[in-house]
Amino acid sequence: MRTTSATRPSAAHHVPGIKVVAAPEGLPAPLPEPPVEALRLETVMGALSDPLRLTIVRKLLLESEDFDHSCGWFGLDRPKSSLTHHFKALREAGVTRQRQYGLERRSQVRVDDLEERFPGLVGLVAAWTPEES
């Protein structure tokens with residue numbers, strides 16, 4: 001059986017300042033995502049090039065309160081369709097993992113996968129400071 005990022009035990013890469021919350025029992029399966037070996041730097045960087053998506057990832061890294069979060073937790077004043085697009089772009093690039101809980105999708109950053117493939121990237125995202133508007 002091939003082990004995927006969603007099923008293998010956490011490598012628990014330690015990235016200073018990053019909050020990692022343990023996975024609870026009985027999680028729904030993750031939505032389709034690229035396997036760790038298929039993650040491409042240009043795709044990940046393309047997803048992170050949007051300031052809103054970078055803000056989403058940074059908030060997940062630094063402020064997580066639970067294992068994963070719904071889009072309402074972020075407190076973003078954007079239309080739901082716009083947020084859905086941004087969360088999908090992050091998932092399809094392999095930056096985040098999403099799970100479906102009834103009608104709600106919750107996201108978490110694929111810290112271990114990103115650190116395995118691109119060491120140091122997660123720390124750079126966490127260290128980024130949003131421009132004041």
Side-chain angles (χ1 to χ4, degrees):
M1 178 176 134
R2 192 171 139 238
T3 303
T4 66
S5 58
T7 59
R8 73 171 177 261
S10 173
H13 287 94
H14 179 70
V15 180
I18 304 300
K19 292 179 79 171
V20 178
V21 179
E25 298 279 327
L27 289 171
L31 297 174
E33 63 187 30
V36 67
E37 62 273 4
L39 295 179
R40 304 278 310 160
L41 183 60
E42 65 272 18
T43 305
V44 169
M45 296 302 288
L48 293 174
S49 69
D50 181 278
L52 178 62
R53 291 194 289 258
L54 194 54
T55 299
I56 288 168
V57 174
R58 185 173 183 271
K59 185 170 176 77
L60 281 171
L61 290 171
L62 301 177
E63 301 175 28
S64 282
E65 298 165 349
D66 294 312
F67 177 70
D68 51 13
H69 294 280
S70 67
C71 62
W73 173 79
F74 294 89
L76 301 168
D77 187 25
R78 300 287 170 93
K80 185 173 181 177
S81 59
S82 172
L83 291 176
T84 298
H85 163 75
H86 288 293
F87 282 99
K88 182 179 178 183
L90 288 167
R91 178 177 49 85
E92 289 181 345
V95 176
T96 59
R97 171 167 293 131
Q98 285 189 306
R99 296 176 194 276
Q100 189 82 33
Y101 294 80
L103 298 176
E104 179 180 82
R105 287 187 177 178
R106 296 183 191 170
S107 301
Q108 69 179 126
V109 178
R110 293 174 59 182
V111 173
D112 287 342
D113 294 345
L114 291 168
E115 279 300 299
E116 178 181 323
R117 192 80 168 101
F118 313 112
L121 178 63
V122 172
L124 289 172
V125 171
W128 171 74
T129 304
E131 193 174 282
E132 301 273 333
S133 36

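Atoms considered below: every heavy atom in the structure, side chains included; atoms not considered: hydrogens, waters and symmetry mates.
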Would you mind reporting whether [Y] and [X] have side-chain heavy atoms less than 4.5 Å apart?
{"X": "H86", "Y": "L76", "result": "no"}
{"X": "F74", "Y": "I56", "result": "yes"}
{"X": "C71", "Y": "R105", "result": "no"}
{"X": "Q108", "Y": "P30", "result": "no"}
{"X": "R53", "Y": "H85", "result": "yes"}
{"X": "K59", "Y": "H69", "result": "no"}

Please check if [X] and [Y] belong to a single hydrophobic cluster, counting links between Ile, Leu, Val, Met, Phe, Trp and Tyr side chain heavy atoms closer than 4.5 Å.
{"X": "L90", "Y": "M45", "answer": "yes"}
{"X": "L31", "Y": "V57", "answer": "no"}
{"X": "V125", "Y": "L41", "answer": "yes"}
{"X": "L61", "Y": "V21", "answer": "no"}

Any donor-acceptor pair under 3.5 Å from [X] side chain to [Y] backbone:
{"X": "R58", "Y": "W128", "value": "yes"}
{"X": "R91", "Y": "Q98", "value": "no"}
{"X": "Q100", "Y": "P28", "value": "no"}
{"X": "E115", "Y": "G120", "value": "yes"}

Pair R97 + D113: basic N to acidic O under 4.0 Å: yes

Identify, with sequence neighbours excluded, every residue that meets side-chain contact (heavy atoms from CB on, under 4.5 Å) alongside L103. none

Looking only at heavy atoms, which two atoms of [X] and [Y] are closest? And how far apart?
{"X": "R106", "Y": "D68", "result": "CD-OD1, 3.4 Å"}
{"X": "L52", "Y": "R78", "result": "CD2-NH1, 3.1 Å"}
{"X": "A47", "Y": "A89", "result": "CB-O, 4.0 Å"}
{"X": "V44", "Y": "V95", "result": "CG1-CG2, 3.8 Å"}

Got a second to check how far [X]'s [atom1] is from [Y]'s [atom2], nearest 0.5 Å?
{"X": "L121", "Y": "L39", "atom1": "CG", "atom2": "CG", "value": "10.0 Å"}
{"X": "W73", "Y": "D66", "atom1": "CH2", "atom2": "CG", "value": "8.5 Å"}
{"X": "L48", "Y": "T55", "atom1": "CG", "atom2": "OG1", "value": "10.5 Å"}

Could you give all pairs that pass the side chain to side chain donor-acceptor pair (under 3.5 Å) test and reach residues 41-51, with sequence neighbours left out? R40-E42

